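What follows is a set of notes on a single structure, which appears directly below.
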There are 2 protein chains.
Amino acid sequence: MTQKMPTLQDVAQLAGVSTATVSRTLSSPDQVSESTRKRVSQAVEKSGYRINRVARNLRTQKAHSVLVLLPDLANPFFSSILEGISGNLSQRGYSMLIASTKQVHASGDRLIDYLDDARADGMIILDGGLSPEVVDTLDNVPRSKPILFACEWIEGANFPSVRSENRKATRTAIRYLHGLGHEKIAHVTGPTGNVLMHARKDAFVGEMAKLELELRPEWLIPGDFSLNAGCRAAATWIDMKDRPTAVFCASDLLAFGFISELSRNGFKVPQDVSVMGFDDIDFASQFIPPLTSMRQDRHRIGVTAATMLLERLAATASIDGDAHDNENAAIVPVTLIERESTAAPPKGS
Amino acid sequence: MTQKMPTLQDVAQLAGVSTATVSRTLSSPDQVSESTRKRVSQAVEKSGYRINRVARNLRTQKAHSVLVLLPDLANPFFSSILEGISGNLSQRGYSMLIASTKQVHASGDRLIDYLDDARADGMIILDGGLSPEVVDTLDNVPRSKPILFACEWIEGANFPSVRSENRKATRTAIRYLHGLGHEKIAHVTGPTGNVLMHARKDAFVGEMAKLELELRPEWLIPGDFSLNAGCRAAATWIDMKDRPTAVFCASDLLAFGFISELSRNGFKVPQDVSVMGFDDIDFASQFIPPLTSMRQDRHRIGVTAATMLLERLAATASIDGDAHDNENAAIVPVTLIERESTAAPPKGS
DNA sequence: CTGAAAGCGCTTACAG
DNA sequence: CTGAAAGCGCTTACAG
């Protein structure tokens, strides 16, 4: 029952030519005479031949696939990015392999096994929180197997990356709140150690100083990017004697959690406090109230990452030398999406 | 610079044995004497040898990877399922390849190309909306390349599948609302033609009849699974003269959209109307109000799907004959999660 | 323009 | 327990 797939041999026999000719007809048809080409094409058609990519990959020493590494597959933040990557990849004949750093650890594999064992030609990493040991192993990867970071990156390491303009976006957010009349602005941060957390927090602190606004230490509320941290931050806000009138959250999830907890305690957004998020995930527009946020173009980040990786793949293949990192980081713009969770501060505050 | 990976040959030389022995040491160590095993292991260690899976796959005629096909990569509903699949797969040494039906169409590939061209050993399909032509091509796939549907399925086709107990869950939901005192219950349905939409709608109609509750045609509000459809459904509800006191939505997104639109128009949930969803996505607990929903165990669906596919893979490999579909569908339980979007109906309604 | 032949890096009967 | 050898299905210099 297990019908065997026809091979190049079968097609060659059918067409009365050598396997070399069939192979050429398929991969570089201009090297084959028209009549032969026609005969081969018919044989391919008739036999229902499909090239065996595993064999081709072994022969050409390419996997024609890219590994994408996420911190957590269950996090919906990544889905649009994946779509961008995958769409771009498949257009160019590449497949997308996915693994999460959590799982990689659990299964005892090393990250670069995917690269070492020829399953993937390169890798896009969406997790800046890799342990130093793992980062070290990354350095030993031959340059013919490009590695690229997207969204997050490793401070100090020199991998190419695609990023949102986190700092600029943060400044835009603060200026927007200030423009509404807010002077007491708090920031709920991302997780400690996270590069995005630092970029946004630094920019926040810097911009507050630049606008000559007071920034009390307690107005930097530590969080992570989760809903729950947002809830906790809201509790912190509620407990303050002198409450900030606006809160800039480092993620939309934080903002959602913040607003939810507030509403459970009888506070209203934006009447009692303006809240804004970062990311503009799908949900932001449907939340109650619709959330003002800084939109990261996640699809574009994905597309850009795939494009850059493929470029590096092509470069190492042809030049095979120093296709060096002339353009080491692509910065993707972030846009302010104004909705109803922000307004002028309450009077008399 | 492009340092070549060591091969079996290199290890064999280092250890002073044949490649066959190295190979055996790696894949069936019990066939090798302890002293040899030790020598080989040291050579492996020393050379930093990693098996080349592409070569192994070509030789063994297995890809050791599974293709997962989604309707839409950007839909966060699938992320937990993917995590379940991927976790299970990687534990057993398989990789996960991902493609979306949208993209497959766009790139002009045929679905089964992944199977035909030896990139994947089998495939898990999360999209019941494949066109009849595509479904036809699926029938021609040799049984050594198992195909399995998860979440959704194709009515009439005979593929194994993993599903939530949609009908039972719907009955549970209706009985719950009825138990709260609701008699006028509407249902916002999924997209026309979708198998889940039908399962849930049928079960809804059946249960309403069983409970001897009136069901006006207009109380079956057509939707799809999206936020926007939920908003539209809310507009429909608002326009009714005699409004249902409870609305059972076929997805959480529908429920979110429904509630959002209501709140924009000054209605309150659950005071004015009880709303419940289906899926219990992460967000449901953080929505305002927290959403009552039927929880689909998406992680478990993923794990089960991967397990079933791997079983079939093993079965066809060993028996190579009729490892027939004794257990053709796994049904995953759904649980009622009661939160604050549902309550007793408003008095005097 | 075409073919014979080597080889990508493994695995696995077959002998011994 | 171990090795020599064939072969998985391709691609690609090398000749002609």
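Every chain is numbered from 1, with letters handed out A, B, ... down the list of sequences. Since this is a predicted model, take the numbers as computed values, not measurements. Values reported hereafter were calculated over all heavy atoms of this structure, with side chains retained and with hydrogens, waters and symmetry mates removed.
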Does a donor on one side chain and an acceptor on the other come within less than 3.5 Å for A:S33 and A:T36?
yes
Checking side-chain polar atoms at under 3.5 Å, does B:R119 have a donor or acceptor matched by the opposite partner on B:S65?
no
Do side-chain atoms of [X] reach the backbone of [Y] as a donor and acceptor pair under 3.5 angstrom?
X	Y	result
B:D121	B:V66	no
B:D127	B:L70	no
B:N88	B:A306	no
B:R39	B:A15	yes
B:T25	B:T21	yes

[atom1] atoms of [N] and [M], separation to the nearest Å:
N	M	atom1	value
C:dT2	C:dA6	P	23 Å
D:dC10	D:dC14	P	24 Å
C:dT12	C:dG16	C1'	16 Å

Would you mind telling me which residue lines up with the more 5' stretch of DNA chain D, A:R24 or B:S18, judged by nearest nucleotide?
B:S18
So which one's nearest nucleotide on DNA chain D is more toward 5', B:L58 or B:T19?
B:T19
Can you find a pair of side-chain heavy atoms, one from A:F149 and one from A:L130, that are under 4.5 Å apart?
yes
Using a 4.5 Å cut-off on heavy atoms from C-beta on, say whether the side chain of A:Y94 contacts that of A:L310.
yes
Within residues 30-43 of chain B, residues whose heavy atoms come under 4.0 Å of DNA chain D:
B:D30, B:Q31, B:V32, B:S33, B:T36
Specify the closest pair of heavy atoms between B:F77 and B:C151, including all atoms of both residues, with the distance to one decimal.
CE2-SG, 4.1 Å
To the nearest 0.5 Å, what is the distance between CE on B:M123 and CG on B:L148?
10.5 Å
With heavy atoms under 4.0 Å as the rule, sort B:V17 into base, sugar-phosphate or nothing.
sugar-phosphate
Considering only heavy atoms of chain B and a distance under 4.0 Å, specify the first and last nucleotide of DNA chain C in 5' to 3' order that meet this criterion.
C:dG9 to C:dA13
Show me, range against range, the stems involving DNA chain D, built from at least 3 consecutive Watson-Crick or G-U pairs below 3.5 Å.
C:1-3 with D:14-16, C:5-12 with D:5-12, C:14-16 with D:1-3
